[in-house]
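Numbered from 1 within each chain, the chains take letters A, B, ... in sequence-line order.
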2 protein chains.
Amino acid sequence: MDAPKPTLPRLDESLLTHLPPFSRLERRQIRTVLDQASVRRYDAGAHIFEEGAPADRFYMLLDGYVRVVRITATGEQVTALHIPAGQLLGIAKAIGRETYPATAMTATEALALSWPTRLWDDFVATYDGFATETYKTVGQRVGEMNTRVVEMATQQVEQRVANALLRLVNQTGRKVEDGIEIDFPITRQDLSELTATTLHTVSRLLSAWEKLGLVESRRKRIKVRDPHALVVLAQP
Amino acid sequence: MDAPKPTLPRLDESLLTHLPPFSRLERRQIRTVLDQASVRRYDAGAHIFEEGAPADRFYMLLDGYVRVVRITATGEQVTALHIPAGQLLGIAKAIGRETYPATAMTATEALALSWPTRLWDDFVATYDGFATETYKTVGQRVGEMNTRVVEMATQQVEQRVANALLRLVNQTGRKVEDGIEIDFPITRQDLSELTATTLHTVSRLLSAWEKLGLVESRRKRIKVRDPHALVVLAQP
DNA sequence: CGGGCGTTTGAAAACTGTCAATGCTAGTGG
DNA sequence: CCACTAGCATTGACAGTTTTCAAACGCCCG
């Protein structure tokens with residue numbers, strides 16, 4: 001919400017060198033980019049920007065996970081997607097918008113760089129590969145949204161939840177002993193907002209799957225023990 | 001699917017002068033753009049391009065309506081959006097994709113220009129306003145998809161169908177005596193693919209609304225007589 | 001004028017949501 | 001260090017919208 005403030009120590013260039021939108025830049029260019037950036041740490045659950053607000057800044061998530069949600073007139077939340085560290089967000093400018101199309105809130109403690117949106121056109125024009133890579137990101141997100149529309153239109157709840165779990169595990173999974181765990185705290189409610197159902201139904205499904213040995217879950221943590229069996233469930 | 005072929009008579013420049021992506025171009029530039037274009041007429045129901053195919057060309061729809069659909073593994077169709085004359089389509093390149101993300105089929109007889117995708121970067125670089133306007137188009141479509149996800153996640157079928165009807169009427173409505181009619185042939189099945197329900201449910205809803213005097217419909221035609229009442233129905 | 005395709009309608013079944021109540025966990029503060 | 005409590009999760013019973021299944025109708029185009 002309030003404007004991010006620059007930190008005193010200079011940011012290290014290695015922060016960006018391996019991230020796609022900046023990977024083709026020279027050291028000197030990265031220096032310039034970093035000198036224009038603000039860093040900020042966010043608590044878990046903090047709002048980075050709000051749907052409908054002027055798109056003042058765009059962000060690069062350095063650490064943590066962000067949930068992109070829309071909130072309906074009646075107060076219900078619908079989660080559009082999750083963004084892992086290393087991706088841009090708040091890039092309204094890339095799709096010709098002056099305001100943010102959704103609210104971004106952190107799913108974990110997070111760290112992000114940001115730049116004033118007025119620098120966007122500079123970045124696109126000046127930095128080789130920046131535009132290409134950001135449009136790829138847009139493309140992936142559009143693709144993912146598309147997939148969700150198709151799923152919601154054609155599949156039953158069980159399949160949607162299974163698919164959502166698999167996607168989370170693929171995108172943000174952390175390999176642990178006997179399974180893969182979703183790398184951030186996620187509640188039944190969160191999962192239900194991602195799959196257009198209720199927390200009750202999600203709870204029942206997870207309980208059932210746990211009895212079958214497909215998943216294991218504690219409060220806010222979900223571990224998938226048998227991804228393949230889930231893939232089977234996810235099919236109609 | 002075979003390649004569009006150029007027509008013999010030269011295309012008139014006035015075709016493009018008032019269309020957003022080209023409206024800032026000079027006459028001479030439009031001439032160049034047109035000389036590189038192919039025109040083609042499509043029958044109603046024809047496929048312009050297919051999901052997953054290499055994005056060889058991008059298109060400007062000059063007349064008619066196009067339906068963008070995705071087809072699931074089990075053969076069900078889900079309609080993503082409708083595109084009216086005057087808009088670009090097949091602009092995979094704008095979102096960093098090499099293949100079309102969905103199938104485009106005509107809802108009516110249609111007329112479209114097209115260019116080889118290799119010209120895309122030229123267009124973006126050379127023509128003032130082209131990039132900006134196309135990204136606005138992308139933004140609008142993303143916004144619309146977003147809205148549909150939210151609707152599907154939070155609303156009942158009746159509200160979704162009402163909202164879909166209103167959107168169609170707003171975007172492609174033609175004012176007629178005592179009402180506004182959707183400007184292209186649309187079946188119950190089509191509407192159900194747009195709202196994630198079945199043709200039966202759509203049929204029942206339309207029958208009920210017709211009894212109430214909100215709409216009037218014949219085979220493949222829907223006329224909205226009382227948009228305001230529909231807006232009320234569309235609310236939760 | 002015929003038939004195909006779109007449409008209508010009834011009845012029954014099925015998912016899934018709603019309501020309600022309780023149990024449990026993890027973090028907080030004394 | 002332990003008790004407390006707020007938030008998260010579980011579960012049963014029930015209701016209701018929506019789909020599914022089936023059958024028949026009727027409009028339009030060729």
Side-chain angles (χ1 to χ4, degrees), chain A residues 43-45 67 72 74-78 107-109 151-165 182 184-212 215-223 233-234 236, chain B residues 43-45 67 72 74-78 107-109 151-165 182 184-212 215-223 233-234 236:
Chain A
D43 285 326
R67 205 194 309 284
T72 68
T74 56
E76 292 149 298
Q77 292 195 5
V78 179
T108 60
E109 190 180 53
E151 281 180 10
M152 285 176 48
T154 60
Q155 304 185 341
Q156 313 246 103
V157 172
E158 180 172 32
Q159 292 153 16
R160 296 208 301 272
V161 176
N163 274 124
L165 250 188
I182 294 174
F184 55 86
I186 184 166
T187 66
R188 314 294 190 241
Q189 173 80 33
D190 293 335
L191 249 183
S192 75
E193 287 171 3
L194 197 56
T195 51
T197 179
T198 61
L199 73 150
H200 307 275
T201 303
V202 171
S203 179
R204 286 185 237 269
L205 285 172
L206 286 179
S207 296
W209 293 344
E210 183 136 19
K211 283 204 185 77
L212 296 173
V215 305
E216 230 173 274
S217 69
R218 350 192 283 279
R219 164 181 264 236
K220 288 195 178 191
R221 289 279 158 197
I222 303 177
K223 176 167 70 182
L233 271 185
Chain B
D43 287 325
R67 207 195 306 285
T72 68
T74 57
E76 293 150 297
Q77 292 195 6
V78 178
T108 60
E109 188 180 55
E151 281 180 10
M152 284 176 49
T154 61
Q155 303 185 344
Q156 312 248 104
V157 171
E158 180 171 31
Q159 292 154 15
R160 296 207 301 272
V161 176
N163 274 123
L165 249 189
I182 294 175
F184 55 87
I186 184 166
T187 66
R188 315 294 191 241
Q189 172 82 33
D190 293 335
L191 250 184
S192 73
E193 287 171 1
L194 199 54
T195 51
T197 179
T198 61
L199 73 151
H200 308 275
T201 302
V202 171
S203 178
R204 285 185 237 269
L205 285 172
L206 285 179
S207 297
W209 293 343
E210 183 135 20
K211 284 206 184 73
L212 296 173
V215 304
E216 228 173 277
S217 69
R218 354 192 277 283
R219 165 182 264 235
K220 288 194 178 191
R221 289 279 159 197
I222 303 176
K223 176 166 70 181
L233 271 185

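Distance A/Arg219 CZ to D/dT5 P: 16 Å, rounded to the nearest Å. To the nearest angstrom, P of D/dC27 lies 16 Å from NZ of B/Lys220. Distance, A/Glu210 CD to C/dC24 C1': 14 Å, rounded to whole Å. Between B/Arg218 atom CZ and D/dC29 atom P the separation is 9 Å, expressed in whole Å. As a whole-Å value, the separation of A/Leu205 CG from D/dA9 P is 14 Å. D/dA9 atom C1' lies 10 Å from atom CG of A/Leu206, rounded to whole Å. Regarding A/Gln159, its CD atom lies at a distance of 11 Å from the P atom of C/dC15, rounded to whole Å. A straight line from CG of A/Leu199 to C1' of C/dC24 spans 15 Å, rounded to a whole angstrom.
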Chi angles and distances behind the salt bridge (charged side-chain N to carboxylate O under 4.0 Å, His left out) call for B/Glu216, B/Lys223: CA-CA 5 Å; B/Glu216 228 173 277; B/Lys223 176 166 70 181; 3.5 Å; yes
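A donor-acceptor contact under 3.5 Å is formed by the side chain of B/Arg204 with the base of C/dG10. Judged by atom type and distance alone, B/His200 does not reach the base of C/dT7 through any side-chain donor-acceptor pair under 3.5 Å.
For B/Ser207 and C/dT9, the shortest distance from a side-chain N or O to OP1 or OP2 is below 4.0 Å. Contact annotation: B/Thr197 side-chain N/O to D/dT18 OP1/OP2 distance is not under 4.0 Å. Contact between the side-chain N/O atoms of B/Thr187 and the OP1/OP2 oxygens of C/dC5 is not found at any separation under 4.0 Å. Between B/Thr198 and D/dT19, a side-chain N or O to OP1/OP2 separation shorter than 4.0 Å is present. Within the 4.0 Å cut-off from OP1 or OP2 of D/dA9, not a single side-chain nitrogen or oxygen of A/Ser217 is found.
Residues B/Ile222 and B/Arg188 are in side-chain contact: their nearest non-hydrogen atoms beyond the backbone lie under 4.5 Å apart. The shortest side-chain heavy-atom distance between B/Ile182 and B/Leu165 falls under the 4.5 Å cut-off. Between A/Glu193 and A/Val78 the shortest side-chain heavy-atom distance does not fall below 4.5 Å. Between B/Val157 and B/Thr195 there is no side-chain heavy-atom pair separated by less than 4.5 Å.
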